[in-house]
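On a predicted model such as this, the values are computed, not experimentally measured, just so you know. The figures here come from the full heavy-atom set of this structure, side chains too, leaving out hydrogens, waters and symmetry mates.
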Amino acid sequence: MSLKVWLPDGTQKELPSDSTIADLAASIGSGLAKAALAGKRGGQLVDLDTCLQNDDVVEIITERSPEALDILRHSTAHIMAEAVLELYPNAQFGIGPAIEDGFYYDIELDKSLSIDDLAAIEAVMERLITEKQSFARDEVSKERAYEIFADQPLKLELIDELPVEEAISVYQQGSFIDLCRGPHLPSTGLSKAFKLTKLAGAYWRGSSERPMLQRIYGTAWFKKADLDEYLSQIEEAEKRDHRKLGRELGFYMMDERAGAGLPLYQPKGARVIRILQEWLRRDLYERGYEEVITPHMYNAEVWKVSGHYDFYHDNMYFFEIDESEAKDGSKTSEYAVKPMNCPGHVLIYANHLRSYRELPIRYFEFGTVYRHELSGVVHGLLRARGFTQDDAHIFCRSDQLLGEIIDILKLIDHIMTTFEFTYSAEISTQPSKSIGGKDKWDFATEQLRAACEAHGLSYEINEGDGAFYGPKIDIMVKDAIGRTWQCSTVQIDFNFPERFDLSYRSSDNSSEQPWMIHRAIFGSIERFLGILIEHYAGALPAWLAPVQAVIIPIADRHADYALQVEAALKAAGIRAETAAQKEPMKVKVALAQQQQVPYMLVVGDKESEEGSVSVRERRSGDLGAMMLEDFKALL
């Protein structure tokens, strides 16, 4: 007997009835048989030893396939867990998934691991890889799974949540067995380029009320050259860490007395943020936006209407306020600090009846919001509890929607190219649970597509990942060392216009509901600043640097001229200061260099007599002497 299967190119292969994915690869060619790592049957990833059925559509997965790295990394996570169990027989295992650029495993141990322990784990992993242990899959009943993992309470908890009738898959390599969906590599021998990178703490199931486990992170690649390149990037990223540079440059600080995730901006950091805001503010006024200012807190009734009370409650800060009424005495009202600026803009729009002639209305605000982030995920400026958004909300007619989205994309391009970011877009479409009719979703999604295409912006479709209230465009920027960050968002919203009963009078005097667009360019200004610090390794562009020029007198007798230069530069709108400390000139230059000041102006006898400055640029070095007016023009 035989069976027939289909390949991705539409060709058909006939094989014996008991054939596997591996047999199919071998029938195509010995090279493919050697390169095969797994398969995809009917769109589902499966192991090489999976049996085929008649009329299956089958793809062979090799290391060139997009899915290959995840399979490699997931398998390497199992190898790491086997090594940990060999070294620490009492280890309790949580989950060990593949993630972007690597993998991790959450483990409960009776000792705290240090970074030095990772070398011992790696040594055992190296041996297990040379043994070329096979990854063997088996399907067991729920009762059998309880027996296998009787001494693994974290695994038992996961098994509890599985349906009784569902067959449970387990994988074994060597003496290690794990609860896992798979698929995996054919053997441990294919994981050759790996590195354990760091340790962290992680609450079991992400809940602060559950045990804190030890999370071991690692990475794995098919080629050592790729691993070396990645590790080099990681090393460079550590040098650029905005938490380290932000502290050294005097931009911001954290203080445990203030609380986790609440940055305190020092003068230099505050100046950079204000420059960013003023730059964008001027641009927005030119583009027809109007600035509004809304409260930091609202009565809970607002959040009930918006839906945040039900859907976002755990991420918000609620409190009670005693309010007095003339006749009834005092009563307590519930309030919440705002996690988003949207309701205030909606209330302003709804303040009076709008005409179709007024639309579009574009409100913007640099609004500070507060969200309850777990302390374990707070990360400098990139993930804070208090942050400021460059929020805007546009209310428009359906015939204006496309033009408004295109204009937003033009603004995004202006901002991102100014900072030399390359970027791409993702369009997230209707999820399984959503509000608004299909006609609205289809129209809105098509407007997002059409805007990207009209703007010449490449995009990918992120199927089913839109918010419940509308589709969106996310802008993914790539920094100087190749990392990708999600920044700007353009979000169409069906929810707020309906919940707040927004309307305008149309040309035929009927009542129509406006379309609403949320948009943020920087996103969180804090996060954007953190990205900029890392992108530029602290050396912000001269126009954005908190101090653009430091005047360095060679000797005390040159101090008066240095102060004259400083005053002249400040009068021209240049952010300048004099290095007046009692230090040798070379030390002052070095300090300015460490602070990433774009220009150092050295002044001595000759410069004092000529009205000139000797210019050093932080990267190019000595630019020579020039008249002060010429330096002003240069900057």
Side-chain angles (χ1 to χ4, degrees), residues 1-80 82 97-103 125-138 169 171-174 176 180-195 218-231 460 482:
M1 291 194 54
S2 63
L3 56 83
K4 293 179 180 179
V5 297
W6 297 90
L7 300 179
D9 64 1
T11 59
Q12 196 176 54
K13 291 286 291 183
E14 187 169 351
L15 298 163
S17 58
D18 58 351
S19 295
T20 64
I21 302 279
D23 294 327
L24 172 61
S27 74
I28 297 171
S30 58
L32 184 60
K34 185 176 181 181
L37 302 174
K40 190 183 279 187
R41 188 183 68 178
Q44 184 80 28
L45 285 170
V46 292
D47 299 291
L48 277 181
D49 60 3
T50 301
C51 290
L52 297 172
Q53 296 178 3
N54 200 46
D55 268 347
D56 277 342
V57 178
V58 186
E59 179 183 348
I60 306 298
I61 302 298
T62 70
E63 65 179 64
R64 294 183 178 183
S65 304
E67 304 88 349
L69 272 174
D70 275 356
I71 296 171
L72 168 69
R73 289 163 178 168
H74 192 186
S75 299
T76 309
H78 279 232
I79 298 169
M80 182 184 75
E82 183 181 1
I99 56 174
E100 185 178 3
D101 293 337
F103 59 88
M125 291 174 69
E126 293 280 8
R127 195 195 76 239
L128 298 175
I129 289 168
T130 61
E131 292 175 1
K132 298 182 179 180
Q133 301 173 349
S134 296
F135 283 93
R137 185 180 193 273
D138 192 15
S169 60
Y171 280 82
Q172 182 166 356
Q173 84 270 8
F176 180 74
C180 184
R181 288 193 181 95
H184 283 287
L185 300 172
S187 86
T188 60
L190 294 171
S191 179
K192 295 175 181 176
F194 74 91
K195 179 71 180 173
T219 188
W221 302 81
F222 285 108
K223 295 181 175 66
K224 187 177 185 301
D226 292 336
L227 172 64
D228 291 342
E229 181 181 346
Y230 173 76
L231 294 176
E460 293 183 359

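- Judged by distance alone, the side chain of Q173 and the main-chain N or O of T188 form no donor-acceptor pair under 3.5 Å.
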Going through the distances and angles, do Q133 and L128 end up as a side chain to side chain contact (heavy atoms under 4.5 Å, CB included)? CA-CA 7 Å; Q133 301 173 349; L128 298 175; 3.5 Å; yes
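- Within a 6.0 Å radius of CD in E100, no more than 12 heavy atoms belonging to other residues, nucleotides or ligands are found.
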Output, in order, the C-alpha distance, side-chain angles, deciding distance and verdict of side chain to side chain contact (heavy atoms under 4.5 Å, CB included) for T62 and L32. CA-CA 8 Å; T62 70; L32 184 60; 3.8 Å; yes
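- Counting heavy-atom neighbours within 6.0 Å of E131 CD, excluding the residue itself, gives a total above 12.
- Closest heavy-atom contact between A38 and I71: CB-CD1, 3.8 Å.
- In this structure, NZ in K13 is found 12.0 Å from CG in L52, a value given to the nearest 0.5 Å.
- Remark: S65 OG to E59 CD distance equals 5.5 Å, nearest 0.5 Å.
- When all heavy atoms of A33 and A26 are compared, the closest pair comes out as CB-CA, 3.7 Å.
- Side-chain atoms of S75 do not come within 3.5 Å of backbone N or O of H184 as any donor-acceptor pair.
- The side-chain heavy atoms of V46 and K40, taken from C-beta on, include no pair separated by under 4.5 Å.
- Contact of the F194 side chain with the L227 side chain is not registered, since no non-hydrogen atoms from C-beta on lie closer than 4.5 Å.
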Kindly indicate, with the supporting measurements, whether the criterion side chain to side chain contact (heavy atoms under 4.5 Å, CB included) is fulfilled by D47 and Y171. CA-CA 11 Å; D47 299 291; Y171 280 82; 2.4 Å; yes
Do F222 and L69 pass the side chain to side chain contact (heavy atoms under 4.5 Å, CB included) test, and can you show the C-alpha distance, the side-chain angles, and the key distance before you say yes or no? CA-CA 8 Å; F222 285 108; L69 272 174; 4.0 Å; yes
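- Side-chain N or O atoms of S17 include none that pairs as donor or acceptor with a backbone N or O of L3 at under 3.5 Å.
- In this structure, the separation between CZ on F135 and OG on S191 is 7.5 Å, given to the nearest 0.5 Å.
- Taking NZ of K132 as the reference point, atom CG of L185 lies at 13.5 Å (rounded to 0.5 Å).
- Within a 6.0 Å radius of CZ in R181, no more than 12 heavy atoms belonging to other residues, nucleotides or ligands are found.
- Of the possible polar contacts, one joining the Q172 side chain to the G174 backbone as a donor-acceptor pair under 3.5 Å is found.
- Residues E14 and S2 bring a donor and an acceptor atom of their side chains to less than 3.5 Å of each other.
- In this structure, K195 places its NZ atom where only 12 or fewer heavy-atom neighbours from other residues, nucleotides or ligands lie under 6.0 Å away.
- Closest approach of V5 and Q53 over heavy atoms only: CG1-O, 3.8 Å.
- With contacts defined as side-chain heavy-atom distances shorter than 4.5 Å, the pair L37/L48 does not qualify.
- Side-chain contact annotation: D23 with T20, donor-acceptor N/O pair under 3.5 Å present.
- The heavy-atom pair separating A98 from D70 by the smallest distance is CB-O, 3.5 Å.
- Taking all atoms of both residues into account, the shortest heavy-atom contact from W221 to L72 is C-CD2, 3.4 Å.
- The CZ atom of R127 sits 12.0 Å away from the CD1 atom of I79 when rounded to the nearest 0.5 Å.
- Here the CD1-OG1 distance, from I28 to T11, works out to 7.5 Å after rounding to the nearest 0.5 Å.
- Contact between E67 and I61 at its shortest, heavy atoms only, is OE1-CD1, 3.6 Å.
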